[in-house]
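Some notes on the structure that comes next.
Throughout, a chain's letter reflects where its sequence line sits, starting with A, and its residues are numbered from 1. Because only heavy atoms are used, hydrogens play no part in the values below, and waters and symmetry mates are left out as well, while side chains stay in.
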Amino acid sequence: MSEINITWPDNSRGTFPGGTTIKDAIGSWKPDVLSSTVAAKVDGSPVDLGVRLEKDAVVEPIDVATKEGLGILRHSTSHVMAQAVQDTFPGAKVTIGPSIEEGFYYDFECETTFTPEDLQKIEKRMQEITATDSTFSRREISREEAVALFKEKGESYKVELINDLPPDVETVSLYSQGGYVDLCRGPHLPSTQMIKAFTLLKVAGAYWRGDEHNKMLQRIYGTCFATQEALDDYLRMIEEAKKRDHRRLGRELDLFQLNDEAGPGLIIFHPKGMMLRYIIEEWERKEHLKRGYDMVMGPQILKVDLWKRSGHFDHYRENMYFTEVDEQGYGIKPMNCLAHMLIYKSKIRSYRDLPLRYFELGTVHRHEKTGVLHGLLRARQFTQDDAHILCTPDQLNSEILAIADFVAYAMKIFGFEYEVELSTRPENSIGSDADWDLATSALEGALKDSRMVYEINEGDGAFYGPKIDFKIKDALKRKWQCATIQCDFTLPERFDLSYIGSDGEKHRPVMLHRVILGAIERFMGVLIEHHAGAFPVWLSPVQASILTVTEKHIPHGEKVYQQLLDAGVRVEKSFSNEKLGYKIREAQMQKTPYMLVIGDREMAEDAVSPRQRDGNNLGSMSVTDFINIIQERNRNYQ
RNA sequence: GCCGAUGUAGCUCAGCUGGUAGAGCAGCUGAUUCGUAAUCAGCAGGUCAGCGGUUCAAAUCCGCUCAUCGGCUCCA
């Protein structure tokens with residue numbers, strides 16, 4: 001019998017008889033590793049532990065604790081769930097069931113709708129299956145055989161999946177465990193017994209193949225971890241994250257409300273929410289002016305004819321609100337670009353004027369579908385920190401780089417990590433292929449020049465041009481688009497924008513649409529969750545609260561209040577007839593950064609004693625010293 | 001828009017198989033004058049989301065509508 005050489009990750013080598021399974025090989029290399037190994041990479045490709053090694057190879061065990069290993073564990077768990085669903089609900093058809101970032105799901109078509117009690121039943125059945133030590137076994141069959149097999153089982157979705165494989169695919173792989181067979185690429189766990197800590201989380205609707213024209217399936221979400229402790233930690237983390245929900249904190253901290261009577265998706269800012277917004281907006285104005293932008297402002301409604309000319313009427317109408325006055329139709333703006341173009345067109349422009357950067361904190365209305373509204377993160381009226389840059393094609397690259405730089409700076413100031421995506425031409429779009437290519441390569445070129453890591457999002461661009469999106473995450477790690485840079489050759493064309501070049505001829509400028517924070521509302525929503533409502537001092541709507549110990553300290557409290565107000569500190573009085581402990585608790589729950597205690601001692605010394613919200617007591621200090629602390633933090637964005 | 005769940009006082013929630021609503025916190029009034037996360041007592045708060053139906057009787061059962069929540073699709 002021939003022998004093979006295996007190279008392990010630590011570069012040690014072992015010699016085994018040909019045909020040894022990976023499992024046996026690992027078992028003899030390091031037996032203790034085997035119990036947490038879900039699969040292995042052979043020469044870089046992930047495969048099952050049951051695979052027999054026939055030639056020399058580099059073998060790397062995949063541990064369940066790694067991201068990849070956890071993915072395999074979860075994927076196998078989704079197969080077990082599919083089995084449990086079909087055992088519990090005969091006639092349920094399976095579709096697809098991948099592992100995802102925080103767990104797994106499987107989509108089913110089933111006559112009966114799954115209730116939360118049904119999830120318990122399914123989970124119970126899964127426990128029975130995972131207790132039995134069924135092996136996951138792989139086999140490959142021809143696609144014809146596979147089609148016949150799944151047809152016979154009545155699994156029409158699997159048949160569709162196989163039929164849609166590229167023509168050069170001749171065989172497909174099947175995995176089975178405990179009599180349940182599924183079409184799958186693998187790899188999978190060696191046995192169901194490795195599945196120890198899982199739970200089903202929720203049922204939701206999901207369209208077959210993510211297309212809303214298709215049938216809606218029932219998706220069951222679940223998650224699975226290597227150990228019960230890890231699962232418990234995860235569930236606890238989810239509970240903690242719910243406490244950071246901006247909608248909850250919005251009420252608790254009295255920042256804003258969403259009110260049925262006003263209308264869904266319409267935000268009403270309360271004094272503290274408006275203060276936070278004001279601070280952000282002032283920061284925006286200052287930073288834009290520093291970067292050579294001009295502030296402008298357009299009207300809320302513009303004649304319908306203008307929206308027809310821009311293409312919005314044909315491509316965006318279902319998201320727009322309309323009104324009619326004096327038999328004249330108006331569209332309420334869903335975007336700010338039209339007025340900016342009219343500003344550009346108000347006189348003849350020279351190449352010497354370019355780039356022109358028009359900035360507007362532009363409030364827009366979009367008729368979002370009811371099911372997508374989500375507090376501040378998805379509203380029907382919101383304000384974008386919008387700008388339109390009109391430049392020559394030569395200036396495109398440096399302008400895009402400058403915007404990317406601005407975004408990076410903003411994210412640093414506000415403390416966010418972000419992900420970058422390049423979105424390309426969608427189906428419902430306007431403009432020539434040549435312009436789209438030019439625009440797309442301009443964006444991609446800038447991304448490469450700035451060495452940003454990015455993903456490509458095919459067909460996800462705006463109807464008038466491709467875009468770079470920057471996404472940040474909320475408390476539950478859901479991604480929200482904030483900054484975006486969109487490159488547009490089409491609107492300048494439609495509005496016949498031009499500039500006179502150095503050659504004395506007319507040329508067409510390029511337009512960049514861009515936002516930095518995105519929508520102020522959405523950004524605030526993510527910001528609230530990011531800080532769990534405990535904003536850094538520079539952003540806190542109330543920076544300090546003055547807490548008197550007894551009634552007789554009120555006059556000194558008033559004096560301090562006035563001094564702080566004069567110095568521009570955002571300060572609040574807590575002079576009520578309550579015990580100090582009560583007032584501290586109140587301020588603490590409002591997450592006020594500083595509580596200034598005023599009692600006999602402070603009165604005698606003409607001082608304040610700041611207590612930080614982390615519980616740290618700074619001791620007695622003069623009001624001036626305290627003002628310096630606040631101003632220092634304002635300056636440094638802390 | 002689609003699938004599912006939910007909707008009781010300002011907030012968090014009780015209210016079983018139908019017999020016309022209850023707690024804690026918040027609020028108000030009074031007492032207390034107090035030193036780093038809740039002082040005590042009293043009072044007041046509800047068209048049980050809305051509309052319609054079944055019933056002698058509906059917060060409770062049924063239907064429709066609206067809104068919210070979790071997903072899907074879409075999006076800043």
Side-chain angles (χ1 to χ4, degrees), chain A residues 105 107 113-116 118-119 201-221 242 245 247-248 251-252 254 257-261 263-265 316 318-319 334-336 362 364 366-380 382-386 423 426 460 462 467 469-472 476 478-484 486 513-523 525-526 547-554 577-589 595-602 609-613 615-617:
Chain A
Y105 68 78
D107 288 348
T113 49
F114 302 140
T115 64
D118 291 336
L119 286 198
L201 297 167
K202 59 199 171 198
V203 208
Y207 299 106
W208 168 235
R209 295 196 149 177
D211 186 334
E212 65 176 321
H213 304 293
N214 287 342
K215 190 175 170 69
M216 181 154 274
L217 308 167
Q218 295 190 70
R219 172 171 299 178
I220 302 179
Y221 283 94
K242 283 181 185 161
D245 189 312
R247 292 163 299 190
R248 177 176 172 159
R251 191 184 52 244
E252 289 175 357
D254 200 11
Q257 65 171 301
L258 286 133
N259 190 316
D260 278 14
E261 290 181 272
Y316 208 73
E318 64 281 9
N319 281 308
M335 297 180 189
N336 302 299
V364 296
R366 296 184 186 176
H367 183 256
E368 300 291 351
K369 291 174 180 174
T370 51
V372 306
L373 300 175
H374 188 96
L376 297 188
L377 300 183
R378 192 79 181 270
R380 283 183 169 165
F382 56 94
T383 300
Q384 298 176 297
D385 58 339
D386 206 0
S423 296
D460 213 29
K467 54 182 189 161
D469 292 329
F470 299 77
K471 301 192 174 181
I472 57 182
L476 285 169
R478 291 177 290 211
K479 285 186 217 168
W480 293 93
Q481 180 183 321
C482 285
T484 178
Q486 310 179 351
H513 307 242
R514 48 104 285 181
V515 290
I516 302 298
L517 304 183
I520 304 294
E521 291 80 358
R522 174 176 288 182
F523 188 75
V526 184
L547 280 51
T548 47
V549 177
T550 74
E551 221 163 37
K552 69 179 178 199
H553 305 117
I554 292 178
N577 181 12
E578 293 287 351
K579 285 186 165 179
L580 183 62
Y582 180 89
K583 296 188 197 183
I584 286 184
R585 180 162 193 274
E586 240 180 356
Q588 201 68 47
M589 293 203 304
M595 288 149 248
L596 306 180
V597 176
I598 304 229
D600 288 343
R601 207 159 50 234
E602 289 73 21
S609 290
R611 174 196 203 271
Q612 294 181 164
R613 67 185 156 202
N616 203 3
N617 201 330

- Hey, is the side chain of A/Y207 pairing donor to acceptor with the base of B/G71 inside 3.5 Å? no
- Query: Does A/R366 make a side-chain donor-acceptor contact with the base of B/C74, cut-off 3.5 Å?
  - Reply: no
- Message: By the definition side-chain contact (heavy atoms from CB on, under 4.5 Å), identify the one residue from A/I516, A/V364, A/V515 that meets it with A/D386.
- Response: A/V515
Distance in angstrom units between [X] [atom1] and [N] [atom2], rounded:
X	N	atom1	atom2	value
A/R248	B/C13	CZ	C1'	13 Å
A/L580	B/U33	CG	P	16 Å
A/E551	B/U39	CD	P	17 Å
A/I584	B/A38	CD1	P	9 Å
A/W208	B/C2	CH2	C1'	18 Å
A/Y105	B/G4	OH	P	19 Å
A/K202	B/G71	NZ	C1'	7 Å
A/I598	B/U33	CD1	C1'	16 Å

Name the nucleic acid region contacted by [X], choosing base, sugar-phosphate or nothing; use a 4.0 angstrom heavy-atom cut-off, strictly under.
X	result
A/K579	base
A/E586	nothing
A/G615	nothing
A/E602	base
A/R514	nothing
A/R251	sugar-phosphate
A/Q384	sugar-phosphate
A/D385	nothing
A/R219	sugar-phosphate
A/A483	nothing
A/N617	base
A/Q481	sugar-phosphate
A/K467	sugar-phosphate
A/A206	sugar-phosphate

Quick check for you: among [options], whose closest atom lies nearest to any side-chain atom of [X]?
X	options	value
A/R378	B/C75, B/C72, B/G35	B/C75
A/D245	B/G35, B/A76, B/G70	B/G70
A/A204	B/A37, B/G71, B/C72	B/G71
A/P264	B/A67, B/A38, B/A76	B/A67
A/T550	B/C34, B/A76, B/G70	B/C34
A/D260	B/A67, B/C75, B/C34	B/A67
A/K369	B/G1, B/C34, B/C75	B/G1

- Closest to the 5' end of RNA chain B, once A/H374 and A/V515 are matched to their nearest nucleotides, is A/H374
- Item | Earlier contact from the 5' end, RNA chain B, for A/L217 and A/F470 | A/L217
Taking only N and O in the side chain of [X], is any of them less than 4.0 Å away from OP1 or OP2 of [N]?
X	N	result
A/R611	B/A37	yes
A/R247	B/G70	yes
A/R478	B/G70	yes
A/T484	B/A76	no
A/K242	B/C69	no
A/Y582	B/A26	yes

- Query: When you look at A/E212 and A/K369, which way does the salt bridge (Lys or Arg N to Asp or Glu O under 4.0 Å) test go after all the steps?
  - Reply: CA-CA 13 Å; A/E212 65 176 321; A/K369 291 174 180 174; 3.7 Å; yes
May I ask you to decide whether [X] forms a salt bridge with [Y], counting only side-chain N to carboxylate O separations under 4.0 Å?
X	Y	result
A/E252	A/R247	no
A/D469	A/K467	yes
A/K552	A/D600	yes

Separation between the [atom1] atoms of [N] and [M], rounded to whole Å:
N	M	atom1	value
B/U12	B/A49	P	15 Å
B/G50	B/C66	P	16 Å
B/A23	B/A14	C1'	7 Å
B/U29	B/U20	C1'	31 Å
B/G63	B/G24	P	36 Å
B/C48	B/A21	C1'	8 Å

- Query: Since syn is defined as within 90° of 0, does B/G53 count as syn or as anti?
  - Reply: anti
Identified pairing partner of [N], criterion: Watson-Crick or G-U wobble below 3.5 Å:
N	value
B/G22	B/C13
B/C66	B/G7
B/A41	B/U29

- Item | Min side-chain heavy-atom separation A/R251-A/Q257 under 4.5 Å | no
- Heavy-atom check, side chain of A/Q588 versus side chain of A/M595, under 4.5 Å: yes
- Query: Just wondering, do A/Y221 and B/G71 stack (centres under 5.5 Å, planes under 30°)?
  - Reply: no
- Are the aromatic rings of A/H213 and A/W208 close, with centres under 6.0 Å apart? no
- Task: Would you kindly say whether A/Y221 and A/R219 are connected by a side-chain donor-acceptor distance under 3.5 Å?
- Result: yes
- Without hydrogens or angle criteria, can the side chains of A/D107 and A/Q218 be said to hold a donor-acceptor pair below 3.5 Å? no
